[in-house]
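The structure appears right after this line, and notes come after that.
Quick note on labels: first sequence line is chain A, next is B, and so on, each numbered from 1. All values reported here derive from a predicted model rather than from experimental measurement.
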Protein chains: 2
Amino acid sequence: MNSLVEENYLKALFSLSNEHGEVNVNDLSKRLEIKMPTVTSMMKKLAEKELVHYEKYRPVRLSEMGKKAATHIIRKHRLTEMFLVEVMGFGWEEVHDIAEQIEHVKSPVFFNKMDEILGHPSFDPHGSPIPDINGNIHGEQYRKFSECKKGERVKFMAVANSSENFLKFLNTKGLSLETQIEILSVEPFDGTMTVTYGDRPSEVFSKVVCDKLLVV
Amino acid sequence: MNSLVEENYLKALFSLSNEHGEVNVNDLSKRLEIKMPTVTSMMKKLAEKELVHYEKYRPVRLSEMGKKAATHIIRKHRLTEMFLVEVMGFGWEEVHDIAEQIEHVKSPVFFNKMDEILGHPSFDPHGSPIPDINGNIHGEQYRKFSECKKGERVKFMAVANSSENFLKFLNTKGLSLETQIEILSVEPFDGTMTVTYGDRPSEVFSKVVCDKLLVV
DNA sequence: ATAATTTGTTAGACTTATCTAACTTATTAT
DNA sequence: ATAATAAGTTAGATAAGTCTAACAAATTAT
Ligand SMILES: [Mn+2]
Ligand SMILES: [Mn+2]
Ligand SMILES: [Mn+2]
Ligand SMILES: [Mn+2]
């Protein structure tokens with residue numbers, strides 16, 4: 001059985017390798033806000049437990065076992081978020097930090113019950129896919145909105161970041177998942193986009209925001 | 001902020017002082033299945049934090065602050081159990097171990113939402129009172145069923161122990177809270193009781209069982 | 001090619017929570 | 001009153017997870 005701390009390392013390792021391919025000790029250190037020497041020693045420990053492949057001065061890779069363990073925690077995290085929104089009535093901006101804690105609960109029946117009550121959902125409230133019980137993730141690859149061109153009409157499918165502040169910002173802009181967005185113009189200098197959607201005739205989003213919107 | 005471990009000590013301290021008045025290091029050690037020297041050193045630490053009154057070789061008492069902290073965790077534990085049963089559909093025998101973990105979640109909104117969804121319940125699924133948000137516990141003192149006499153008709157209000165095995169036993173006996181029980185006879189030698197309730201014309205309960213049933 | 005910078009490791013310290021062994025104090029039995 | 005037992009403490013060890021300081025390797029810039 002892995003500790004709560006080990007679980008958080010595995011999860012970070014999994015998302016970082018999806019974002020960047022290779023994962024350096026430094027990336028992990030920044031993501032987890034834990035100093036590099038601590039990360040190095042944890043990598044040795046996880047390698048000992050055969051959850052990662054690690055050779056010194058080389059990037060770290062999750063083993064098959066490690067991947068399985070990681071997706072299992074991600075499944076619990078995302079089911080929890082979905083439960084908090086759909087069953088308990090929380091806003092999508094409130095649930096990440098609570099799920100960050102509940103994901104470590106050791107009780108298969110608890111998460112299976114959530115899954116059942118929710119009707120085996122495929123996506124969490126932020127549009128991220130919920131891994132199935134075997135750790136397999138079904139769901140297409142989304143495009144970054146910031147890489148779309150003037151004139152395109154796309155559908156907002158997921159956020160690349162579920163921080164409370166960013167989601168609250170989207171709330172004030174009345175932008176929610178599944179919304180159809182049309183790109184009116186793109187400023188070449190800094191990537192700022194002027195867009196229209198729903199009842200909003202014209203909204204301006206910085207590249208920082210557009211980078212965090214995933215579309216199809 | 002108290003650690004998960006400290007919270008478990010506070011909770012044990014609170015229940016033991018309700019059961020026995022004074023709490024010895026030895027009682028705590030047995031209840032938590034932690035060796036006495038470890039308990040001693042934790043008592044020093046909690047005394048340092050002014051959560052308990054402790055002088056060496058003397059019984060330990062929770063301070064007012066300690067009591068408040070303890071009832072706060074107990075509130076979270078019992079709300080969770082109630083939520084698991086009432087909202088998620090678990091049996092009363094399944095919820096204690098899950099609540100033992102979730103009680104440590106740091107998120108006032110999470111527990112307030114549970115409380116609201118449940119309509120501010122006063123008792124948990126085992127009949128124990130749920131402390132209010134200020135830590136006050138409203139609820140009468142129940143009698144031990146084992147101390148009742150032949151011929152009495154009483155109402156089963158709570159269990160003194162929520163272990164899965166005991167509750168499963170009660171399930172097989174079809175005995176649930178609020179059931180009216182009549183005592184047909186009491187064996188003076190070992191306290192075994194013959195009783196009748198619901199559609200059960202005659203059931204025999206050992207003193208071990210009767211000690212764990214609380215009635216009014 | 002060399003120097004500067006960034007990245008990564010080693011060594012050693014600290015904190016929290018646990019343990020065992022040895023000793024002391026308090027309680028109980030004779 | 002004394003001996004035996006139970007309860008409690010002290011001292012020292014261990015494991016997990018973190019840190020800082022010092023050093024080494026790898027990468028980037030000149
Ligand atoms: Mn999340
Ligand atoms: Mn977490
Ligand atoms: Mn309980
Ligand atoms: Mn607990």
Side-chain angles (χ1 to χ4, degrees), chain A residues 1-14 16-17 19-62 66 69-70 73 100-101 103-106, chain B residues 1-14 16-17 19-62 66 69-70 73 100-101 103-106:
Chain A
M1 194 57 4
N2 304 318
S3 71
L4 177 151
V5 169
E6 289 167 339
E7 289 185 347
N8 284 337
Y9 276 89
L10 291 170
K11 216 161 49 111
L13 234 6
F14 188 87
L16 284 171
S17 46
E19 292 162 27
H20 303 81
E22 300 206 313
V23 183
N24 303 308
V25 168
N26 195 238
D27 303 332
L28 256 178
S29 170
K30 280 172 183 150
R31 173 64 59 95
L32 293 168
E33 297 182 271
I34 286 173
K35 295 288 179 293
M36 284 208 291
T38 309
V39 174
T40 298
S41 72
M42 182 57 83
M43 289 310 100
K44 289 179 181 168
K45 189 180 168 196
L46 295 181
E48 197 56 49
K49 296 178 83 171
E50 299 193 71
L51 293 163
V52 303
H53 300 295
Y54 169 70
E55 290 161 280
K56 58 158 97 164
Y57 299 109
R58 314 274 18 256
V60 190
R61 282 171 310 117
L62 281 172
I73 307 151
E100 203 60 51
Q101 299 177 66
E103 67 190 0
H104 305 291
V105 166
K106 261 76 186 174
Chain B
M1 193 62 355
N2 304 319
S3 72
L4 179 151
V5 170
E6 288 167 340
E7 289 185 347
N8 284 336
Y9 276 89
L10 291 170
K11 216 161 48 111
L13 235 6
F14 189 87
L16 284 171
S17 46
E19 292 162 26
H20 305 80
E22 300 206 315
V23 183
N24 303 308
V25 168
N26 195 237
D27 303 331
L28 257 177
S29 170
K30 281 174 182 147
R31 172 64 60 94
L32 293 168
E33 297 182 89
I34 287 173
K35 295 288 181 293
M36 283 209 292
T38 309
V39 174
T40 297
S41 71
M42 181 58 83
M43 288 311 100
K44 288 179 182 170
K45 188 178 169 197
L46 295 181
E48 197 56 48
K49 295 178 83 170
E50 302 194 67
L51 292 163
V52 303
H53 299 294
Y54 168 70
E55 289 163 280
K56 59 158 96 167
Y57 299 109
R58 313 275 19 254
V60 190
R61 283 172 310 115
L62 281 172
I73 306 151
E100 203 58 52
Q101 299 177 66
E103 68 189 359
H104 305 289
V105 166
K106 262 76 185 171

At under 4.0 Å, does any side-chain N or O of A:Tyr9 touch on OP1 or OP2 of D:dA16? no
At 4.0 Å (heavy atoms only), tell me whether A:Ser41 reaches a base, stays on the sugar-phosphate, or touches nothing. base
Nearest-Å distance for atom pair CD/C1', residues B:Glu7 and C:dT16: 15 Å
Rounded to whole Å, how long is the line connecting atom CG of B:Leu28 with atom P of C:dT18? 12 Å
So do A:Glu6 and A:Leu51 actually touch side chain to side chain, heavy atoms under 4.5 Å? no
note: A:Glu6, atom CD; D:dT18, atom C1'; distance rounded to Å ~ 14 Å
What nucleotide, of C:dT18, C:dG8, D:dC19, holds the atom closest to the side chain of A:Met36? C:dG8
Rounded to whole Å, CD1 of B:Ile34 lies from P of D:dA15 at a distance of 18 Å
Please assess B:Asn2 against B:Lys49 for the test side-chain contact (heavy atoms from CB on, under 4.5 Å), listing each intermediate value before the final yes or no. CA-CA 9 Å; B:Asn2 304 319; B:Lys49 295 178 83 170; 3.1 Å; yes
Taking every heavy atom of B:Glu100 against every heavy atom of B:Asn8, the minimum-distance pair comes out as OE2-OD1, 3.7 Å
Between A:Ser29 (side chain only) and A:Ile34 (backbone N and O only), is there a donor and an acceptor less than 3.5 Å apart? yes
From the set D:dT20, C:dT10, D:dG8, return the single nucleotide nearest to any side-chain atom of A:Lys44. C:dT10
Heavy-atom distance under 4.5 Å between the side chains of A:Leu32 and A:Tyr9, does that happen here? yes
Once you round it to whole Å, what is the distance between P of C:dC19 and CE of B:Met42? 11 Å
Heavy atoms from C-beta onward define the side chain here; which of C:dT9, C:dC19, D:dA7 lies closest to that of A:Thr40? C:dT9
Per the under-4.0 Å heavy-atom filter, residues of residues 49-60 of chain B near DNA chain D come out as B:Tyr54, B:Lys56, B:Tyr57
Between C1' on D:dA6 and CG on B:Asp27, what's the gap in Å once rounded to a whole number? 13 Å
In B:Val60, B:Asp27, B:Leu62, the residue satisfying side chain to side chain contact (heavy atoms under 4.5 Å, CB included) with B:Leu16 is B:Asp27
Rounded to whole angstrom units, what separation is found between the CD atom of A:Glu22 and the P atom of C:dG8? 11 Å
Atom pair NE2/CD1 of A:His104 and A:Ile73 - distance to nearest 0.5 Å: 7.0 Å
What's the closest nucleotide to the B:Pro37 side chain, out of D:dT18, D:dA11, C:dG8? D:dA11
Length of the line joining B:Lys35:NZ and C:dC23:P, which is rounded to integer Å: 21 Å
